[in-house]
Amino acid sequence: MADPSSYRPQTGEIPTNPGVYRFRDPHGRVIYVGKAKNLRSRLNSYFANPAGLLPKTHAMVHAASSVEWTVVGSELESLQLEYTWIKEFKPRFNVVFRDDKTYPYLAVTMGEKLPRVQVMRGERRKGTRYFGPYTAGAIRETMDTLLRVFPVRSCSAGVLKRAQASGRPCLLGYIDKCSAPCVGRVTPEEHRALAEDFCAFMGGEAKRFIARLEKEMGAAVATLDYERAARLRDDITALRKVFERNAVVLAEDTDADVFALHEDELEAAVQVFHVRGGRVRGQRGWVVEKVEDFTTPDLVEHLLQQVYGEDAEIQGRLPREVLVPVEPSNAQDLAVWLGGLRGAKVDIRVPQRGDKAALMSTVRENAEHALRLHKTRRAGDLTVRSQALQELQEALELPVPLLRIECYDVSHVQGTNVVASMVVVEDGLPKKSDYRKFSITGAAATDDTAAMHDVLTRRFRHYLVDKTAQIEAAELVATPAGPAIPASVGTGPAPASTGTGDAALSDTTTPAPKAKFAYPPNLVVVDGGKPQVNAAARALEALGVDDVYVVGLAKRLEEVWLPDSDFPVILPRSSQGLYMLQRIRDEAHRFAISFHRQKRGKAMTVSALDGVPGLGDSKRKALLAHFGSVKKIKAASAAELTAAKGVGPALAAAIVTHFSPGGAGGDSDESVPAINMTTGEVLET
């Protein structure tokens, strides 16, 4: 841990202007981003008395090794820049609001020729309209009910193609929950009109459709068509059931998001009700760990930044009014920022009385329940993870806590298609975004120890290259005296000629280079015994990496091996630390096996076009699409081959040479197709 006094800037160097500051760790990663009306006052508060800081702020300033700042022209600009950098760097010590569950949306794929109604989760897609979020049970019931009145396609693309090929609709078409555009019961234009009506109903125009059906039912009764009248009656009942499910809580012209939170000294739970047209259309929740010394207004400000930053750019669902439990910090600037995202005015208000205050109370009760539920569910997992990490640190006699662990495994079949995997665990949880795959060829593929040495060398060589680049970049902008200061660090009050905040940003902001790998781990685990551990240790020693510890987990007796040790470390079978190592090792094995199977499947696909110099997959597909078969490709002249997309004179000459009587493919039987040797599928005819 670094001593904050070692990188504390001089008070006179820090400007008194508004701005945004960043703390970085020894590896150059941004670990905290903050904003301030007065940079000098705010930054001095971190260094004046570190012992008096809150525990997590104390941990942050001791984990950092440098601080830098950027001067801006106003508090609004600092708000915008702070949000941008938090989104870009994802600092570990900043508040991050995480969904307490995955919410499904009712989606209509209006971008397709035949729109489809389906339940979707995850990232949003262009050309698709979304409604919700809903709970899983409610959304299925809503969708099933509405398909009776608006029989829009809900089948997958595969089912649609089979129905079109066979001329028979699927089951939903037979039970009148799909208009069956696949077999021509309705035209694509009529089907799209149904989808538009579906979207209009979900968008709040329910009364119009109910009134229209009631009018049609009256006309059917007048003509004595009682069967049609009965069907329309049932449709009206279904629509009213969906319409009344969302009770009216506010005036019908009210579009608002109602936020409430419940917090303790460590965590906070947030709930929001999405009110559209006076009805509660959806609900979402977040749980946040309070890693910063935040007041409730600060917490509300960061909540709105993160929620609507994503919402405005991806979902486009900003309402006219945002109701919050307390007025956020910088409320006026925040309202201006949100208004810019929405393209219209956004009001941020604290309801004091009436229906809105009553609804706020209901949302707060949901937040209290969500926090209790989160703590109940998390208590066991958090305790076990902490216990496992502490047991490992003590059993291996490591001087540092195991914040990040990387595990490596090599996979092959009798020395062929050799691959390796790297899986990452942070704070006892897998971090799949940092997983890596390695293809191993040449001398490194001769045995497991050579492969392990190659993988560790490649992984940490990239880390050293990135580290050297960061050091050189810092040295280029070093001040004449004192420690190196990054380009975005101010060296005193901003000159009067600096101008607006935009100019300050353009003068001081330097984008960080993209790293191929994340920061180094505290512990490297290899799948294997003493030979694999020693190979990994030699790779790190050759690179000069001396702050990463290495162990191996042997499968046979689940022994933990240390480098250059004659005897393994034996952990008790009931040890949580051993269970964690086993889970990490098994995950690395699974990841390596899946990559090996993928690579082996590609290697076992043979073709008569293999071996042509310069002919890759895309150009091979272009040749087959143009000529239709390998036989016609063999018979084509060089001039004819150049008619295919991407095939030039040199490649055409190489293909002709390959299939000439003296070429590598000239003696092959023309009737032999390309076959996948794993499945037996004929790939080329």
Side-chain angles (χ1 to χ4, degrees), residues 104-121 124-132 134 136-246 281:
Y105 287 81
L106 192 59
V108 186
T109 58
M110 298 302 294
E112 298 183 14
K113 181 180 179 181
L114 297 176
R116 175 190 178 191
V117 176
Q118 60 182 318
V119 177
M120 280 190 177
R121 300 175 187 261
R124 298 186 166 233
R125 304 175 187 175
K126 187 177 181 181
T128 300
R129 295 192 61 181
Y130 292 85
F131 304 95
Y134 299 93
I139 195 170
R140 300 288 178 184
E141 185 178 353
T142 298
M143 179 176 168
D144 186 67
T145 304
L146 289 181
L147 288 181
R148 171 189 177 91
V149 185
F150 307 104
V152 183
R153 177 177 80 89
S154 59
C155 60
S156 65
V159 173
L160 177 66
K161 289 180 180 178
R162 285 197 296 271
Q164 289 173 333
S166 65
R168 294 181 298 175
C170 63
L171 177 62
L172 292 176
Y174 283 111
I175 63 175
D176 295 329
K177 285 197 173 180
C178 177
S179 55
C182 53
V183 295
R185 287 187 186 174
V186 295
T187 64
E189 292 74 20
E190 292 171 334
H191 183 264
R192 179 168 291 276
L194 279 174
E196 292 285 359
D197 288 346
F198 184 98
C199 294
F201 179 87
M202 293 301 299
E205 300 182 31
K207 290 185 177 180
R208 174 167 67 88
F209 290 99
I210 293 175
R212 187 182 73 183
L213 292 180
E214 288 176 340
K215 186 175 181 180
E216 292 179 5
M217 183 177 68
V221 171
T223 59
L224 306 182
D225 189 353
Y226 297 115
E227 291 184 1
R228 173 172 169 75
R231 287 196 301 271
L232 291 170
R233 177 202 61 199
D234 294 341
D235 289 348
I236 293 170
T237 302
L239 291 186
R240 283 177 174 165
K241 183 179 179 182
V242 174
F243 182 64
E244 293 170 359
R245 184 175 293 129
N246 295 325
R281 299 293 184 181

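It should be emphasised that the depicted structure is a prediction, and the values quoted were computed from it without experimental measurement.
Remark: Cys155 SG to Lys177 NZ distance equals 15.0 Å, nearest 0.5 Å. Note that the CG atom of Leu213 and the CZ atom of Arg233 stand 13.5 Å from one another [nearest 0.5 Å]. Put simply, CG on Leu194 and CD on Glu189 are 12.0 Å apart, with the number rounded to the nearest 0.5 Å. In this structure, Asp197 CG and Arg192 CZ are separated by 12.5 Å, a value rounded to the nearest 0.5 Å. Atoms OG1 and CD1, from Thr237 and Ile210 in turn, are 9.5 Å apart once rounded to the nearest 0.5 Å.
Residues Met110 and Cys199 have side chains in contact (heavy-atom distance under 4.5 Å, counting atoms from C-beta outward). Phe198 places a side-chain heavy atom less than 4.5 Å from the side chain of Leu106. For the pair Arg231 and Met217, the minimum side-chain heavy-atom distance is 4.5 Å or more. You'll find the side chain of Lys113 reaches within 4.5 Å of the side chain of Pro188, heavy atoms only. Between Leu147 and Cys178, every side-chain heavy-atom pair lies at or beyond the 4.5 Å cut-off. Side chains of Lys126 and Thr128 form no contact here, defined as non-hydrogen atoms less than 4.5 Å apart.
The minimum heavy-atom distance between Pro115 and Ala195, with the atom names listed, is CB-CB, 3.8 Å. When every heavy atom of Val159 is checked against every heavy atom of Cys170, the shortest pair comes out as CG1-CB, 4.0 Å. Among all heavy-atom pairs drawn from Ser179 and Val186, the shortest one is OG-CG2, 3.6 Å.
Between the side chain of Glu112 and the main chain of Thr109, no donor-acceptor pair closer than 3.5 Å is present. Panel note: side chain Arg162, backbone Arg168; no donor-acceptor pair is recorded below 3.5 Å. Formation of a donor-acceptor pair under 3.5 Å by the His191 side chain with backbone atoms of Arg153 is found in this model. Using modelled atom types, no side-chain atom of Ser154 and backbone atom of Gln118 make a donor-acceptor pair closer than 3.5 Å.
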Could you walk me through whether Val108 and Met120 satisfy the side-chain contact (heavy atoms from CB on, under 4.5 Å) test, starting with their C-alpha distance in whole Å, then the side-chain angles of each, then the deciding distance to 0.1 Å, before giving a yes or no? CA-CA 9 Å; Val108 186; Met120 280 190 177; over 6 Å; no

side-chain contact (heavy atoms from CB on, under 4.5 Å) assessment of Cys182 paired with Lys161: CA-CA 8 Å; Cys182 53; Lys161 289 180 180 178; over 6 Å; no

